[in-house]
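Quick notes on the structure that follows.
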Amino acid sequence: MTTSPWNPNALAELQDCLDLMTADGSVPGGVVAYGTCASEPSHLVSGVVAPECGDARPGPDTVYDVASLTKVLATWPLIGRLDGLDLDAPVRTALPRLPAEAPGGRATVRQILSHTSGLRADTRLDQYRNTGTDLAELICGEDLIAEPGAGHRYINRGFILAGLLLAEATGRRLDELAAELWQSLGMTGTTYGPLARSPHVAPTEQRFPGAPRLWGLPHDDNAALLGGVAGHAGVFSTPADLAAYAGALLREHREGSPLGHWLAQSMVPQSVIEPGLDRGLAWILADGGRVAYHHGFTGTSLYLSPVTGRYLAICTNAVYHHQDNRARLAPLRAVALKAITDEP
């Protein structure tokens, strides 16, 4: 199968949109990495890393808090590599310490990955502090908000639970497992935090006036409570590494390798999000299931098109100026989705 080149007009529209977002203060700046599984990545750049970093321009090696891209950069591929895991068995079979009566123990790993587990949607791990009880037991001990499998609802705590499951099943820390995976894929700039402050690391939010800005620490409160290492958030990465990851996934998809087969399996719709959008295993599916993508709350996105061999990654620190940024990011994300589905 051949790869399809990018539409130059779509790329120009992406650059214009990123420039407009920089000019109107939606983001300090950002990078869009794009390419195909058969070519080196290219980059669109706008603005600065952040005012604290002076005139430093963002680039392929700028490090961003990718927030919920953690789900598809760490937890999802590691679940796919876990030998002997039955996706359709109740999660309590993989977490034998769970009490038999724990409501969340009835959900399956497939339902967790497809956000149909029925677990509580509000994460709020701070309520569990100083209880002395195992976190997986606390998460699964809550009453369900829906029957497992009943319908789609985006739930972070499911991926937190999946991260705990990975550690339980392997006897190793989640960050160690992820680091091995990333190293095998040539992702030298991807890591769980914390990171030292530098012009190469994009800062995010200032939580209180006069207080230091979050910089090299996870923006997600619950990831921070877990020491920065969690299944739902906490990873830092670069445009170059996201491009390397996307290219590797697309190549392995075409070769039918285990990771490629896991991507193909994950692009089978599991639940409807809204008309035209389905949830696969972790990924959102669009364009009739031909495109898989995921967003990060901080202002990041990753798009894959196995049919055309194209990928696109967005890295911004949109929470630098605005906590409620989904509406501000919507135009750039819409242009990105259009670009990856466009014919050249």
Side-chain angles (χ1 to χ4, degrees), residues 1-21 26-27 30-46 66 68-69 71-73 76 114-115 152 154 239 242-254 259-260 262-296 299-316 318 326-344:
M1 188 182 296
T2 60
T3 57
S4 300
W6 283 89
N7 184 329
N9 293 330
L11 295 174
E13 190 176 1
L14 263 173
Q15 181 72 69
D16 289 345
C17 191
L18 184 59
D19 288 341
L20 284 171
M21 289 182 64
S26 294
V27 296
V31 181
V32 175
Y34 66 93
T36 73
C37 59
S39 66
E40 292 297 313
S42 299
H43 302 88
L44 309 175
V45 177
S46 187
V66 300
S68 280
L69 288 192
K71 295 179 175 70
V72 294
L73 287 180
W76 168 78
S114 60
H115 295 280
H152 182 273
Y154 190 80
L242 293 181
Y245 182 63
L249 286 180
L250 293 174
R251 285 190 295 274
E252 298 205 24
H253 183 276
R254 294 192 170 195
L259 185 57
W262 177 232
L263 177 60
Q265 186 179 349
S266 298
M267 290 185 68
V268 175
Q270 304 292 315
S271 58
V272 176
I273 300 174
E274 61 183 59
L277 291 181
D278 294 297
R279 178 74 66 177
L281 299 179
W283 298 89
I284 301 170
L285 308 179
D287 194 31
R290 290 157 45 100
V291 168
Y293 68 93
H294 207 288
H295 298 314
T300 58
S301 297
L302 181 62
Y303 301 80
L304 306 173
S305 175
V307 173
T308 63
R310 296 194 301 240
Y311 65 80
L312 185 152
I314 297 172
C315 287
T316 74
R326 293 183 186 179
R328 295 173 185 273
L329 287 165
L332 182 62
R333 288 171 169 171
V335 171
L337 183 58
K338 178 176 178 290
I340 201 165
T341 57
D342 267 355
E343 293 298 325

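By the 4.5 Å heavy-atom criterion applied to side chains, V66 and L302 are not counted as neighbours. L285 places none of its side-chain heavy atoms less than 4.5 Å from the side chain of R279. With contacts defined as side-chain heavy-atom distances shorter than 4.5 Å, the pair Y34/I340 does not qualify. A heavy-atom distance below 4.5 Å is not found between the side chains of V27 and L332. Under the 4.5 Å side-chain criterion, counting only non-hydrogen atoms from C-beta, K338 is not in contact with N7.
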Inset, instruction - Could you walk me through whether S39 and W6 pass the side-chain contact (heavy atoms from CB on, under 4.5 Å) test, one step at a time? - result: CA-CA 11 Å; S39 66; W6 283 89; over 6 Å; no
Legend entry - Verdict with reasoning, V291 to V307, per side-chain contact (heavy atoms from CB on, under 4.5 Å): CA-CA 8 Å; V291 168; V307 173; over 6 Å; no
Inset, instruction - Please lay out, stage by stage, how E13 and N9 fare under the test side chain to side chain donor-acceptor pair (under 3.5 Å). - result: CA-CA 6 Å; E13 190 176 1; N9 293 330; over 6 Å; no
Inset, instruction - Could you walk me through whether T300 and L242 pass the side-chain contact (heavy atoms from CB on, under 4.5 Å) test, one step at a time? - result: CA-CA 10 Å; T300 58; L242 293 181; 5.6 Å; no
Legend entry - Test side-chain contact (heavy atoms from CB on, under 4.5 Å) applied to H152 and V272, step by step: CA-CA 7 Å; H152 182 273; V272 176; over 6 Å; no
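No side-chain donor-acceptor contact under 3.5 Å links T3 to the backbone of G309.
Taking all atoms of both residues into account, the shortest heavy-atom contact from A286 to L337 is CB-CD1, 4.1 Å. Counting all heavy atoms, side chain and backbone alike, A244 lies closest to R251 at O-NH2, 4.4 Å. Considering all non-hydrogen atoms of both residues, A339 and L312 come closest at CB-CD1, 4.5 Å. Pairing each heavy atom of R310 with each of L250, the nearest pair is O-CD1, 3.5 Å. Counting all heavy atoms, side chain and backbone alike, G247 lies closest to C37 at O-CB, 3.9 Å. Between H43 and P239, the shortest heavy-atom contact is CD2-CB, 4.3 Å.
Between Y293 and H295, the distance separating the two ring centers is shorter than 6.0 angstrom.
Using cut-offs of 30° and 60° on the angle between ring planes, the pair W76 and W262 is parallel. In this pair, H294 and W283 present their aromatic rings perpendicular. The plane angle is above 60°, beyond the 30 to 60° band.
Taken to the nearest 0.5 Å, the CG atom of L69 stands 7.5 Å off from the SG atom of C315. The distance from the CD atom of Q15 to the CG atom of L20 is 10.0 Å, given to the nearest 0.5 Å. To the nearest 0.5 angstrom, R290 atom CZ is 7.5 Å from T308 atom OG1. If you take CG on L263 and CG on L259, they are separated by 7.5 Å, rounding to the nearest 0.5 Å. In this structure, the separation between NE2 on H253 and OG on S305 is 9.5 Å, given to the nearest 0.5 Å. For the atom pair D16 CG and L11 CG, the distance stands at 11.0 Å (nearest 0.5 Å).
Results of the side-chain contact (heavy atoms from CB on, under 4.5 Å) test with P269 over L277, L281, D278 single out D278 as the only residue that passes.
The 12-atom threshold is exceeded at CD of E274, counting heavy atoms of other residues, nucleotides or ligands nearer than 6.0 Å.
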